[in-house]
Amino acid sequence: MKFYSTNNKDYRVSFRDAVVEGLPSDNGLFFPESIPGLSSEFLNNLKSYSLPEIGREVMSPYTEEDIPSDILMSILEETLNFEIPLVPVDANIMALELFHGPTMAFKDVGARFLARCLGYFAVAADQKVTVLVATSGDTGSAVGHGFLNVPNVDVVILYPSGKVSPLQEKQLTTLGNNITALEIAGNFDDCQAMVKKAFLDNGLRRKMHLTSANSINVARWLPQSVYYFWAAAQVQEGKKLIISVPSGNYGNLTAGLLAKKMGLPIEHFIAASNANRIIPDYLQTGNFKPAPSIATLSNAMDVGNPSNFPRLLEVYNKEFKNIKSQISGASFSDEDISNIIRDVYQSSGYLLDPHGAIGYLALLNFEFGYNEVGIFLETAHPGKFDEVMNHILDFQISLPERLNERINMKKQAIQLPVEYAAFHDWLIK
Ligand SMILES: *Cc1c(COP(=O)(O)O)cnc(C)c1O
């Protein structure tokens, strides 16, 4: 399987090169040259496969020319070694809990897969690579944890000062070893722009081997398709799936679209967003209008220029009619988030986090047809946002042990202004 740039179909590279380069030099995104259809034998028997086995069926068409099958399987076993349960919340709404990994957010899946692929390629080529990642909170810690102590790989995390939760900050800044955190005096879009600029800086790229770990890297993006199959495997036979994805950069949602293209019968998708309603607006008007990001309670979704938009277009050959018929948009305010977290906790005892809450709300407002059930992605553990949660609920939620340990560690970050030159100079120092 080759991967082309969404800006130029003649720019084609192997899976390995797509992973190592991260981003094509023409500022597009890598995209598979064809979307493999999976066998009906597999699709009709999902329940008889383990999670890593589902991973192998979904991933091997993309990786088979570059990663031997036994190594792919061991990468998947290490990546997907935590539970991803489908938990009923209401009669016809379920949460796909993606937060049982080491940093308690769905990004663990892609980050761990990417780290292990890059580690495999870097060691095989005897190369040293530097991973650059901009984060609005969760990406950085998932990537940092995923890469901790992976040989031949250094990780540099850029995060917006004061715009991530105290716990997220500790998760980013306490790893040490091959992981460095840069605290940028700007917002997430500034961090993302600095990373993009570094990738386009040929002078810099001659001096060091850069790669990305944002959801734009194919090795982070593609394995996110796997849990859509796993979710379907846990649903009662004959039910049609409505899937609601709380979204920011749209990596998760576009991975779901890919799963559908590979043959998974998903009836409909909902692009659930907070006040940053770029995609819901696009789905209404057909105009994609990036805007400065707005700070909300679901801060991992505060994205004003969703980086995976070109992939969304690509899945549907840029046919807006098609896109519109398969995806609905929904957008909710901070007040909606607070109210629904309280309501659901009081009525069922289920604790939504501020991101999953948006996915849930979108389903609550969706008109289900006959035999349809709704699944929303619970993208992070509510304990990750304990300050917000405590404020909403008016009591102190208990933190899982894994997060409690981090809180008491010492922050280590390097402060930089929003200035590409400063970032550049620090990198080559
Ligand atoms: C990153 C993140 C999202 C948004 O996911 P995208 O793939 O960027 O759309 C949603 N919720 C949480 C908790 C996240 O960390």
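Given the structure is predicted, the values throughout are model-derived calculations rather than measurements. Counting starts at 1 for both ligands and their atoms, following the listed order. Along the sequence shown, residues carry numbers from 1.
- Residue contacts with ligand 1: Phe99 is excluded, as none of its non-hydrogen atoms falls under 4.0 Å.
- The distance from atom CZ of Phe188 to atom CG of Asn305, rounded to the nearest 0.5 Å, is 10.0 Å.
- Any N or O atom pair closer than 3.5 Å counts here, and Lys107 shares at least one such pair with ligand 1.
- Within the model, atoms CZ of Phe366 and CG of Leu361 stand 15.0 Å from one another, a figure rounded to the nearest 0.5 Å.
- Looking only at distances, a side-chain donor or acceptor of Asn217 sits under 3.5 Å from a matching main-chain atom of Val19.
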Taking distance alone, no hydrogens or angles, what donor-acceptor pairs closer than 3.5 Å link side-chain atoms of residues 105-120 to residues at least two apart or in another chain?
{"residue": "Asp108", "atom": "OD1", "partner": "Thr103", "partner atom": "N", "Å": "3.4"}
{"residue": "Asp108", "atom": "OD1", "partner": "Thr103", "partner atom": "OG1", "Å": "2.8"}
{"residue": "Asp108", "atom": "OD2", "partner": "Thr103", "partner atom": "N", "Å": "2.8"}
{"residue": "Asp108", "atom": "OD2", "partner": "Thr103", "partner atom": "OG1", "Å": "3.3"}
{"residue": "Asp108", "atom": "OD2", "partner": "Met104", "partner atom": "N", "Å": "3.3"}
{"residue": "Arg112", "atom": "NE", "partner": "Thr79", "partner atom": "O", "Å": "3.2"}
{"residue": "Arg112", "atom": "NH2", "partner": "Glu78", "partner atom": "O", "Å": "2.7"}
{"residue": "Arg112", "atom": "NH2", "partner": "Asn81", "partner atom": "OD1", "Å": "2.7"}
{"residue": "Arg116", "atom": "NE", "partner": "Glu78", "partner atom": "OE1", "Å": "2.8"}
{"residue": "Arg116", "atom": "NH1", "partner": "Arg112", "partner atom": "O", "Å": "3.1"}

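- Distance check: Leu182 CG to Cys191 SG gives 9.0 Å after rounding to the nearest 0.5 Å.
- Heavy-atom contacts of Ala380 reach the following atoms of ligand 1: 13 (C) (cutoff under 4.0 Å).
- Of all atoms in ligand 1, listed by their number and element, those nearer than 4.0 Å to a heavy atom of Asn249 are 6 (P), 8 (O), 9 (O).
- At least one heavy atom of Pro246 sits under 4.0 Å from some atom of ligand 1.
- A side chain to side chain donor-acceptor pair (under 3.5 Å) with Gln171 holds for exactly one of Arg402, Arg406, Lys384; it is Lys384.
- Among the atoms of Gly248, some N or O lies under 3.5 angstrom from an N or O of ligand 1.
- Rounding to the nearest 0.5 angstrom, the gap separating the CD atom in Gln224 from the CG atom in Leu98 is 9.0 Å.
- At under 3.5 Å, not a single nitrogen or oxygen of Gln224, backbone or side chain, sits near a nitrogen or oxygen of ligand 1.
- Ligand 1 places these atoms under 4.0 Å from at least one heavy atom of Gly251: 6 (P), 7 (O), 9 (O).
- Applying the 4.0 Å criterion to heavy atoms of Asn252 picks out, from ligand 1, the atoms 7 (O).
- With ligand atoms numbered from 1 in the order given, ligand 1 contributes 9 (O) to contacts under 4.0 Å with heavy atoms of Ser247.
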